[in-house]
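Only one structure is covered here, and it is reproduced in the block below.
Values reported hereafter were calculated over all heavy atoms of this structure, with side chains retained and with hydrogens, waters and symmetry mates removed. By convention in this document, chain letters (A, B, ...) are assigned in the order of the sequence lines, proteins followed by strands, and residues within each chain are numbered from 1.
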Amino acid sequence: MEKLIYLDNAATTQVYPEVFEEMKPYFTEYYGNPSSVYQFAQESKNKVERAREEIAEMLNAKPEEIYFTGGGSESDNWALVATAETYAKKGKHIITSKIEHHAILHTCEYLESRGYEVTYLDVDENGLIDLEQLKKSIREDTILISIMSANNEIGTIQPIAEIGKIAKEHEIFFHTDAVQAFGHIPIDVEEMRIDMLSASGHKIHGPKGIGFLYIRKNVRIGAFIHGGSQERGKRAGTHNVPGIVGLAAAAKIAKENLESNIKYETKLRDYAISRIENEIPFAVLSGHRTKRLPNNIHFCFRFIEGESMLILLDQAGICGSSGSACTSGSLDPSHVLLAIGRPHEIAHGSLRLTLSEKNTKEEIDKVVDELKKIIERLRSMSPLYED
Amino acid sequence: MEKLIYLDNAATTQVYPEVFEEMKPYFTEYYGNPSSVYQFAQESKNKVERAREEIAEMLNAKPEEIYFTGGGSESDNWALVATAETYAKKGKHIITSKIEHHAILHTCEYLESRGYEVTYLDVDENGLIDLEQLKKSIREDTILISIMSANNEIGTIQPIAEIGKIAKEHEIFFHTDAVQAFGHIPIDVEEMRIDMLSASGHKIHGPKGIGFLYIRKNVRIGAFIHGGSQERGKRAGTHNVPGIVGLAAAAKIAKENLESNIKYETKLRDYAISRIENEIPFAVLSGHRTKRLPNNIHFCFRFIEGESMLILLDQAGICGSSGSACTSGSLDPSHVLLAIGRPHEIAHGSLRLTLSEKNTKEEIDKVVDELKKIIERLRSMSPLYED
Amino acid sequence: MYSEKVMDHFNHPRNVGEIEDPSGVGTVGNAKCGDIMRMYLDIDDNGIIQEAKFKTFGCGAAIATSSMATELVKGKTVQEALEVTNKAVMEALDGLPPVKVHCSLLAEEAIHAALWDYAKKNGIVIEGLKEPVSDIEERVDAE
Amino acid sequence: MYSEKVMDHFNHPRNVGEIEDPSGVGTVGNAKCGDIMRMYLDIDDNGIIQEAKFKTFGCGAAIATSSMATELVKGKTVQEALEVTNKAVMEALDGLPPVKVHCSLLAEEAIHAALWDYAKKNGIVIEGLKEPVSDIEERVDAE
Ligand SMILES: Cc1ncc(COP(=O)(O)O)c(C=O)c1O
Ligand SMILES: Cc1ncc(COP(=O)(O)O)c(C=O)c1O
Ligand code: FES
Ligand code: FES
């Protein structure tokens with residue numbers, strides 16, 4: 001078979017070989033539990049603490065504000081549930097947006113079932129929230145604003161610093177799901193006045209099953225996973241040392257290459273977008289044209305359906321997705337596409353291609369060429385398309 | 001330095017090189033997200049499902065009753081919190097024991113703060129619960145009994161099948177924290193009538209940061225980590241594929257060697273216990289003499305304090321622990337030792353040595369020889385010891 | 001996730017297209033997923049289905065079941081065609097994943113809708129055929 | 001986790017033991033962790049500490065701070081010995097981990113308790129010395 005063209009880096013990424021090399025010794029060699037007292041475990045412990053420092057530095061945070069978790073979903077759940085519980089006395093109202101990841105939305109629903117109230121902000125046709133609506137939604141009893149840094153489907157980047165400012169002015173905590181943004185665009189928790197931030201290892205060429213939650217010092221939320229005294233008593237469970245090492249190694253590489261990756265991917269992204277728009281009729285770009293993740297290409301192709309497109313792409317050796325990986329299996333159209341106003345049958349024909357800096361122009365050319373054929377073929381079968 | 005003698009396998013274990021070999025391809029090669037539709041991700045998906053089958057088989061459970069988590073603590077939290085929430089209408093009373101791991105105890109305290117009631121069963125001087133007390137503690141509104149299979153400090157194995165029977169008779173769900181037991185002693189969820197069971201990879205020579213919760217089909221608890229539709233909508237978060245692969249590979253090895261490991265470790269354990277009892281005065285064995293994990297050796301040495309002992313052992317190249325790794329840093333004496341009636345100052349001089357099947361008689365001999373010298377030395381410094 | 005037969009019919013769908021002046025045509029939509037299937041039948045004077053064609057806006061399973069359904073009804077009498085249920089289509093395709101079972105219902109309903117149209121046009125009653133439940137308006141966008 | 005100096009004093013504790021007929025002896029227990037330290041002082045007629053010995057039931061830090069504390073008070077006057085605070089002991093040991101700070105308090109209190117005993121025995125008042133707060137009963141088990 002020809003070399004695979006992997007364009008689903010928003011679903012998950014390859015662990016970089018150099019990241020894996022760093023992780024390796026911590027499986028079979030330095031396997032000690034960082035909580036143990038003997039020397040042998042100090043290597044693990046030191047490595048965990050160095051990882052914490054590196055990640056903190058990247059965000060302009062303090063090491064003791066970084067808490068390792070089992071992934072982005074856990075971080076999101078923790079931020080929401082624990083803030084709700086800890087600050088229930090202050091109020092029970094949370095503001096979020098309609099296009100959050102399910103790790104936020106379903107946790108909000110869970111909190112609603114426990115008596116909390118949630119306001120889901122609208123987004124415009126580009127996926128941007130309206131800061132005025134945000135301000136108007138703030139109430140006496142609002143305790144948390146949770147708005148994602150960048151959307152996992154359509155790539156739109158929210159005005160995080162502005163949201164942070166509004167939250168700060170109203171003395172409300174601001175959490176951002178940065179799972180798609182961390183390591184992909186610059187984030188500074190001070191400048192952007194972020195109080196909590198979720199991130200995940202496997203979206204930045206680190207390992208799966210590891211993530212972190214940044215918690216600003218003045219946010220005194222309780223634990224979500226209760227038990228041992230790891231992570232200063234806030235997150236129980238034996239440290240996943242190789243995972244933490246891999247997360248930090250990947251973050252470091254991402255940090256070092258941030259600018260060049262952004263430049264390179266943006267160019268590739270815009271090249272793909274312009275070829276698709278010029279060569280495939282009835283193709284509608286989703287998300288904001290410039291306020292978007294450098295690696296995100298998302299289109300709705302009218303008159304056809306996503307899965308068929310994906311299977312045919314797959315047969316051509318191309319990995320893409322039709323929305324978020326973790327909702328595949330669901331038949332509902334993407335809540336994100338509905339929120340930006342796409343009608344049901346248009347939302348159906350969605351395709352997301354997400355780059356890494358390893359992708360090339362040649363790959364993009366091949367993909368667009370294939371795509372043209374595939375879409376033509378599927379449209380010829382479609383009862384909705386009359387040529 | 002001489003070869004390290006690692007006797008802290010209850011804290012964590014080495015990932016076996018053959019387990020690591022199985023995990024390896026899933027970092028850099030087959031890195032696909034099992035939720036994705038393309039062929040490339042099928043390898044990950046199939047591997048995850050095969051892992052589920054293998055673990056299920058080992059417990060005599062069905063594959064669809066195994067839910068992968070981020071570790072033992074998460075599994076414990078999930079079982080307790082979600083059962084409490086889902087069955088709150090039936091009642092708000094939970095029964096557990098005083099010697100559970102903190103992942104259970106602190107979660108119970110958390111639930112108490114949310115209006116649940118918890119009965120903490122006593123244990124006798126060997127660490128066994130009293131089945132009569134259990135029966136008497138059952139109330140109209142009892143929804144869950146959570147008793148650990150085997151204790152992580154003193155190694156005592158509870159009468160799980162009997163507890164399961166009592167729970168079944170009263171139509172109350174039975175959860176067991178089997179983090180120390182899974183892969184170490186035989187467990188059959190049917191025979192023992194277990195409804196939920198927590199386990200963790202890194203206690204059986206698998207990786208850290210992965211575990212599972214077995215949930216019997218008729219237990220309809222909700223999710224603990226909300227979000228994507230992974231794990232049949234019950235546990236959100238991108239699958240930790242290498243972790244799952246490693247967990248299953250380790251479980252398989254543990255299963256294949258279960259009998260021979262039990263035999264070998266039990267012999268080594270009892271040899272160590274008898275040498276210590278014969279050669280070191282004022283040494284008090286903790287835990288049940290026979291109903292104990294094959295790999296657990298736990299003593300309290302009077303007149304001395306645990307940490308000093310550990311440091312001196314460490315300097316002799318021996319890794320042991322004084323209780324559970326995740327409470328090091330805490331100054332409180334072990335709640336387990338207090339529960340079996342050890343006075344404060346005796347509980348203080350505790351040493352836990354936990355074997356793997358790779359440990360040898362020669363190692364044990366060296367450890368006991370060192371231990372004798374160390375204890376003598378510390379006692380000579382102790383104001384409590386008058387010779 | 002799909003069987004080889006499904007992939008074969010998806011990759012090489014049989015009978016894609018339209019029939020001009022069909023004896024019956026039916027378009028059904030699947031409320032569950034929003035997918036749409038249109039089935040054309042050419043039925044001769046003896047009530048035998050001479051030709052069947054389809055157009056489908058839907059997932060891989062929808063395309064494969066459309067294809068298989070047209071194959072199965074060809075050459076059959078109207079009465080026999082009624083027995084081409086979604087189960088029959090799935091079996092002929094060596095099964096479908098659980099989340100895709102509903103797609104095969106689309107095929108069954110499309111056949112029924114086309115037959116209903118045929119019956120109506122000819123003023124006859126086909127025994128056992130009920131009015132299709134989910135015949136939906138064509139949603140072809142004018143644009 | 002411990003500094004080299006701590007490890008040195010832990011591995012080679014100075015002045016372990018007892019003094020027969022000491023000028024002052026004090027035993028203190030740390031309520032926080034249950035550890036116990038006993039300090040013996042031999043003080044000459046000029047009020048200068050000639051010798052100091054200790055016995056400690058406690059963690060590594062407790063042993064090291066006992067050792068360092070005895071070293072620090074030796075040769076000092078009673079008044080000077082009062083300035084051997086837990087901070088002074090910690091500094092002399094190049095610091096202690098945060099969870100171990102309380103262990104150094106044990107050393108400070110043991111000095112105070114021994115001096116208190118000395119003052120009591122000799123019917124004198126040492127300026128600035130308060131009755132030790134946590135002088136605890138010896139808990140040597142008879143068994
Ligand atoms: C009995 C018991 N339960 C739960 C846990 C927690 O497991 P983990 O550290 O994998 O979260 C442990 C070990 O740490 C344990 O020994
Ligand atoms: C925006 C966003 N939030 C949260 C998550 C969940 O992260 P994880 O799968 O690591 O739990 C994802 C990806 O899956 C995501 O894209
Ligand atoms: S998902 Fe709509 S027809 Fe298959
Ligand atoms: S912990 Fe008790 S003296 Fe250090």
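The backbone N or O of B:T107 lies less than 3.5 Å from no partner atom in the side chain of A:H226, so there is not a single donor-acceptor pair.
Interface summary for chain A: among B:G233, B:G211, B:A103, B:P242, the most heavy-atom pairs under 4.5 angstrom belong to B:A103. Among B:A41, B:G201, B:G209, B:C319, the residue with the largest count of heavy-atom pairs under 4.5 Å with chain A is B:C319. Ranked by heavy-atom pairs under 4.5 Å with chain A, the first of B:G320, B:G246, B:P34 is B:G320. Put simply, of B:F20, B:Y30, B:W78, the one with the most heavy-atom pairs under 4.5 Å next to chain A is B:F20.
A 4.5 Å side-chain heavy-atom check between B:F224 and A:I225 finds at least one atom pair inside the cut-off. Using a 4.5 Å heavy-atom threshold, the side chains of B:D8 and A:S36 count as touching. Side-chain contact check for A:H202 versus B:Y31: every heavy-atom pair is 4.5 Å or farther apart. Side-chain contact between A:Y26 and B:K208 is absent, with no heavy atoms from C-beta onward closer than 4.5 Å. Side-chain contact between B:Q14 and A:E29 is absent, with no heavy-atom pair separated by less than 4.5 Å.
Enclosure of atom OH in A:Y110 by more than 12 non-hydrogen atoms of other residues, nucleotides or ligands within 6.0 angstrom is indicated. Residue-environment remark: NZ (A:K92) exceeds the threshold of 12 foreign heavy atoms within 6.0 Å.
With values rounded to the nearest 0.5 angstrom, A:H102 atom NE2 is found 8.5 Å from B:S229 atom OG. If you take CZ on B:R235 and OG on A:S73, they are separated by 7.0 Å, rounding to the nearest 0.5 Å. One finds the CD atom of A:E21 at 9.0 Å from the OG1 atom of B:T28 (value rounded to the nearest 0.5 Å).
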Pair B:I311, A:Y38 - check side chain to side chain contact (heavy atoms under 4.5 Å, CB included), show working. CA-CA 7 Å; B:I311 300 177; A:Y38 34 78; over 6 Å; no
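A pairwise comparison of heavy atoms in A:N33 and B:T12 identifies N-CG2, 3.5 Å as the closest pair.
Neither the backbone nor the side chain of A:H205 comes within contact range of chain B; no heavy atoms are under 4.5 Å apart. Using a 4.5 Å cut-off between heavy atoms, B:F27 contacts chain A through both its backbone and its side chain. For B:T13, the part lying under 4.5 angstrom from a heavy atom of chain A is the backbone only. Heavy atoms closer than 4.5 Å to chain A are found in both the backbone and the side chain of B:N240. Heavy atoms of B:Q315 lying under 4.5 Å from chain A are absent altogether.
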